[in-house]
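Note that the structure is a prediction, hence the values are computed from the model and not measured. Start at 1 and go down the list; that is how both ligands and their atoms are numbered.
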Amino acid sequence: MAMKVYGLPMSTNVARVLVCLEEVGAQYEVVPINFSIGEHKNMEHTARNPFGQVPSFQDGDLILFESRAISKYILRKNQSELVKEGDLPDSAMVDMWLDVESHQFDRPMAVIIHQCLIIPMYLGGENDGNVVEENVEKLKKTFEVYEARLSKFKYLAGDFISLADLSHFPTAYYLLATPHASLLDNYPHVKVWIADILARPTVKKVVEMMKATA
Ligand code: GS8
């Protein structure tokens, strides 16, 4: 039975899982969850994700939620090099930078995306400039750390691409659509790194799926 991902590809956390499935060449099915009718909060979906969020994921009897945990499961199941399972220090570096992505990049970016893209495009109304500014400042601090790291190594966990890098792609893709894309001009290594990730064939394929459901 094909693995199932519940949610729309346009959701950053769903796209993160999809790129892992593409990386390992898995057979999978995307089951759309319609936010506009509150499908993510119904009993059927909350049985799969008790937080009423997407993604959720099913592989046979195994049901998971949390996109990074799902991503690791898919990559480990397929012995992907993207998690460096066979090397304890390398795998620890992947885990560490994946946590950095989740806590230091995704948090400010989720607010920036909501304020700069979701509110004007889907909800109507104006964003809160102070909230945007506060989160752009947080993002700059993160980018300073990334710039220093990426001036020494090609990728975050070392000189090898990993889940820690790929995990950034959905949110980095949306950053480029906000008025704050030019921020990257101040961080040349980060800019090259993002371009490199977005040029990866699996990422390009998932970006097309994101566009088709936006
Ligand atoms: C976050 C899931 C999430 O916020 C993960 O899977 O990594 N830490 C979790 N999902 C959003 C869609 S954005 O991709 C969501 O479901 N929002 C609806 C809601 O919170 O009601």
Query raised in the report: Under a 4.0 Å heavy-atom cut-off, which residues neighbour ligand 1?
Result: Ser11, Thr12, Asn13, Phe35, His40, Lys41, Gly52, Gln53, Val54, Pro55, Glu66, Ser67, Arg68
Report task. Using the six-membered ring wherever Trp is involved, compare the ring planes of Phe105 and His168 and label them parallel, tilted or perpendicular (cut-offs 30° and 60°). Result -> tilted
Requested in this report: Check whether the side chains of Asn49 and Tyr6 place a donor and an acceptor atom closer than 3.5 Å, and report yes or no.
Outcome: no
Query - Any donor-acceptor pair under 3.5 Å from Asn127 side chain to Pro120 backbone - result: no
Query raised in the report: Are Lys211 and Glu208 within salt-bridge range, i.e. N to O under 4.0 Å?
Result: yes
Query - Residue pairs passing the side chain to side chain donor-acceptor pair (under 3.5 Å) test where at least one lies in residues 130-141, sequence neighbours excluded - result: Glu137-Lys140
Query raised in the report: Does Arg200 count as lying over the ring of Phe169, i.e. NZ or CZ under 6.0 Å from the six-ring centre, within 45 degrees of the axis?
Result: no
